[in-house]
Amino acid sequence: MEYRTLGNTGLSVSAIALGCEGFVGKTEEQTCAEMDFAISKGINFIDMYASNPDLRSNIGKALTDRREQFIIQGHLCTTWENDQYLRTRDIDKAIASFEDQLARLNTDYLDIGMIHYVDSEEDFHEVFNGPVIRLALRLKEEGRIRHIGLSSHNPTVARMAVESGLIEVLMFSINPCYDLQPPTENVDDLWADENYAHSLQNIDPKRERLYELCEEKGVGLDVMKVYGGGDLLSETNSPFGKAMTPVQCIEYALTRPAVASIMVGCRSCDEMQAAIDWCTASKEERDYTAVMAGMEKFTWKGHCMYCGHCAPCSVGIDIASVNKYYNLTIAQNEIPETVREHYKALTHHASECIQCGQCETNCPFGVAIIEQMEKAAEKFGY
């Protein structure tokens, strides 16, 4: 298993993590068996958005005597009413559900307290100017949550949360289809067929800027909807008309800036293993460009996707990393110190480019790499 540091939290999380929805409806025995399997494979991170009491209790029992070895991302503002999960902004219900969550998980704290599902600007202002954020801050001060996070599908709202300086973790929906779509307050727009009926080009700039901002601010990203609700794994349902593999979907998300972990909602050990296979997959098996390149309707032409096809560079430059660090500086008047240090740590730098053009021949998206290296060398000074 690969482990990554989740932003500035200091938490070392498994790159493959668990969404909780795969455990809904399972017995205690089934839940324990599947959690045992996950832990045996090195998974140490789970997202608990659901307020289902049986689910919470079963996960709590599965983690008995190994709570300290596991990182729990629990959600604030979910509640259980009439045998179903609901989002709430009622502070009394939010507190009661939080207390129930801790009790059923047999713990006295959450590693991450995730403010649940903020997609509209109106909701953002209600949360961040009202009792919800005050509750989160109080729980953090008391040590009952260690870090504050927020989940969203809207890059505009997510950016507002990151810029507030109050969150340390962002849970966001990332996959190559959703990345084509502009911001929306209606999550259903992300998988509506009509929104893929016309041509779309390149990652939406607000989404890309969000990922870069998280990298700059040290806000850790963990990812939901990596398979697009399963649509990307189906040739029939995928907007691309081609099926991606779980490994390709995961590789795409894990190559975005600031992304530390992928929350996969697995319904069986076989589905869990299909995600874990990313850890040992070959470069060819991880290659998502096999699906995305050469399309007429959807194109990423001229846009660096950090896919690594430009390698090997004849002088050893890690071109994808140089492009990523350069892109992190574009919207700023100065280079963030962390970006400067990451660039400095590279074995070879943009100024060493000999303009042989081999990388541009290899690039499936037609990026003007030589020009990019010149811009990076000018920006960083070497």
Side-chain angles (χ1 to χ4, degrees), residues 1-7 9 11-24 26 31 34-35 37-39 41-52 55-56 59 62-63 70-76 78 85 101 105 110-119 147 149-153 158 167-179 187 190-191 211 214 219-233 244 246-256 258-269 271-279:
M1 178 59 67
E2 178 179 317
Y3 298 89
R4 299 183 174 194
T5 303
L6 186 62
T9 66
L11 297 171
S12 180
V13 297
S14 51
I16 309 301
L18 298 175
C20 66
E21 60 268 34
F23 296 101
V24 174
K26 299 286 179 68
T31 300
E34 291 183 14
M35 284 295 292
F37 179 83
I39 291 169
K41 297 294 183 176
I43 291 175
N44 74 343
F45 191 21
I46 189 170
D47 176 73
M48 290 287 296
Y49 84 85
S51 49
N52 183 301
L55 170 68
R56 288 175 168 179
I59 295 293
L63 292 179
F70 223 79
I71 296 166
I72 299 177
Q73 178 172 278
H75 287 233
L76 305 175
T78 65
Y85 132 83
Q101 183 172 195
L105 291 173
L110 298 175
D111 298 277
I112 303 161
M114 184 71 53
I115 298 172
H116 185 64
Y117 190 180
V118 184
D119 276 1
H147 306 280
L150 176 134
S151 64
S152 181
H153 305 84
I167 70 165
E168 300 166 84
V169 181
L170 175 65
M171 187 181 191
F172 197 71
S173 49
I174 300 177
N175 64 57
C177 280
Y178 295 178
D179 271 355
V187 66
L190 291 174
W191 48 77
Y211 310 153
C214 288
V219 173
L221 269 170
D222 56 57
V223 175
M224 57 181 163
K225 304 291 192 300
V226 69
Y227 301 152
D231 285 352
L232 287 170
L233 305 181
M244 296 181 75
V247 167
Q248 289 171 329
C249 293
I250 290 168
E251 175 72 3
Y252 176 86
L254 284 173
T255 50
R256 301 310 97 192
V259 172
S261 190
I262 309 301
M263 300 293 186
V264 186
C266 301
R267 293 165 294 186
S268 67
C269 291
E271 290 188 2
M272 217 180 292
Q273 185 62 56
I276 294 166
D277 284 345
W278 173 85
C279 299

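One-based numbering along the sequence shown.
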*Asks:* Rounded to the nearest 0.5 Å, how far apart are CG of Asp119 and NE2 of His153?
*Replies:*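 Answer for the CG-NE2 pair, Asp119 versus His153, is 6.0 Å.
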*Asks:* Check whether Ser173 reaches the backbone of Met224 with its side chain - one donor and one acceptor, N or O, closer than 3.5 Å.
*Replies:*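 The answer is no, because no donor-acceptor pair under 3.5 Å joins these two groups.
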*Asks:* Do you know which two heavy atoms are closest between Thr78 and Ser51, and how far apart they sit?
*Replies:*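 Closest heavy-atom pair between Thr78 and Ser51: OG1-CB, 3.8 Å.
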*Asks:* Find out whether Tyr227 and Pro246 are in side-chain contact, i.e. whether some heavy atom of one side chain is under 4.5 Å from a heavy atom of the other.
*Replies:*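 They are in contact (side-chain heavy atoms under 4.5 Å apart), so the answer is yes.
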*Asks:* Restricting to non-hydrogen atoms, name the atom on Leu150 and the atom on Ser152 that form the minimum distance, rounded to 0.1 Å.
*Replies:*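 Residues Leu150 and Ser152, closest heavy atoms: CD2-CB, 3.8 Å.
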*Asks:* Which atoms form the tightest heavy-atom contact between Val187 and Tyr117, and what is the distance?
*Replies:*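 Of all heavy-atom pairs spanning Val187 and Tyr117, the closest is CG1-OH, 3.3 Å.
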*Asks:* Pick out which of Gln101, Met114, His75 makes a side chain to side chain contact (heavy atoms under 4.5 Å, CB included) with Met48.
*Replies:*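 Single pass found, and it is Gln101.
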*Asks:* How many angstroms lie between atom CZ of Arg4 and atom CD1 of Ile262, to the nearest 0.5 angstrom?
*Replies:*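 Arg4 atom CZ to Ile262 atom CD1 measures 7.5 Å (nearest 0.5 Å).
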*Asks:* Give me the atom names and distance for the closest heavy-atom approach of Val219 to Ala258.
*Replies:*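 Heavy-atom minimum between the residues: O-CB, 3.9 Å.
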*Asks:* Measure the spacing between CZ of Arg267 and CD of Glu34 and express it to the nearest 0.5 Å.
*Replies:*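 It is 11.5 Å, given to the nearest 0.5 Å.
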*Asks:* Do Tyr252 and Val223 make a side-chain contact, defined as non-hydrogen atoms from C-beta onward lying under 4.5 Å apart?
*Replies:*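 Not in contact.
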*Asks:* In sequence, state the C-alpha distance, the side-chain angles, and the governing distance for Ile43 and Met272, and then conclude on side chain to side chain contact (heavy atoms under 4.5 Å, CB included).
*Replies:* CA-CA 10 Å; Ile43 291 175; Met272 217 180 292; 4.3 Å; yes
*Asks:* Check whether any side-chain N or O of Ser151 sits under 3.5 Å from a backbone N or O of His116 as a donor-acceptor pair, and report yes or no.
*Replies:*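 No.
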*Asks:* State, without any angle test, whether Asn44 and Tyr3 hold a side-chain donor-acceptor pair at a distance under 3.5 Å.
*Replies:*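 Their side chains do not contain a donor-acceptor pair, so the 3.5 Å distance test is not met.
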*Asks:* Under 6.0 Å between ring centres: does that hold for Tyr85 and Tyr49?
*Replies:*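 Distance test on ring centres: under 6.0 Å, yes.
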*Asks:* Which atom names give the shortest non-hydrogen contact between Leu170 and Cys214, and what distance separates them?
*Replies:*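 So the minimum-distance heavy-atom pair works out to CD2-SG, 4.0 Å.
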*Asks:* So which heavy atom on Thr9 is nearest to which on Val169, and how close?
*Replies:*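 Closest pair (atom of Thr9, atom of Val169, distance): CG2-CG2, 3.8 Å.
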*Asks:* Is the shortest heavy-atom distance from the side chain of Ile46 to the side chain of Phe23 under 4.5 Å?
*Replies:*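 Counting from C-beta outward, Ile46 and Phe23 do come under 4.5 Å.
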*Asks:* I'd like to know whether Leu233 forms a side chain to side chain contact (heavy atoms under 4.5 Å, CB included) with Cys249, so could you lay out the CA-CA distance, the side-chain angles of the two residues, the decisive distance to 0.1 Å, and finally the verdict.
*Replies:* CA-CA 9 Å; Leu233 305 181; Cys249 293; 4.1 Å; yes
*Asks:* Using a 3.5 Å distance criterion without hydrogens, assess whether the side chain of Asp111 forms a donor-acceptor pair with backbone atoms of Ile72.
*Replies:*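 Present.
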*Asks:* Without swapping roles, check the side chain of Arg256 against the backbone of Leu221 for a donor-acceptor pair under 3.5 Å.
*Replies:*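 No; zero donor-acceptor contacts below 3.5 Å.
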*Asks:* For side chain to side chain contact (heavy atoms under 4.5 Å, CB included), just list the numbers for Ile59 and Cys20, CA-CA rounded to whole Å, side-chain angles, deciding distance to a tenth of an Å, and then say yes or no.
*Replies:* CA-CA 9 Å; Ile59 295 293; Cys20 66; 5.9 Å; no
*Asks:* What distance do Lys225 atom NZ and Phe172 atom CZ have between them, rounded to the nearest 0.5 Å?
*Replies:*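 If I round to the nearest 0.5 Å, the distance is 11.5 Å.
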*Asks:* Considering only heavy atoms from C-beta outward, does the side chain of Pro176 approach that of Leu232 to under 4.5 Å?
*Replies:*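 Heavy-atom side-chain distance check passes, below 4.5 Å.
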*Asks:* How many angstroms lie between atom OG of Ser12 and atom CG of Leu6, to the nearest 0.5 angstrom?
*Replies:*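 Reported value, rounded in 0.5 Å steps: 9.5 Å.
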*Asks:* Kindly compute the distance separating CG (Leu18) from CE (Met263), expressed to the nearest 0.5 Å.
*Replies:*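 That separation rounds to 8.0 Å.
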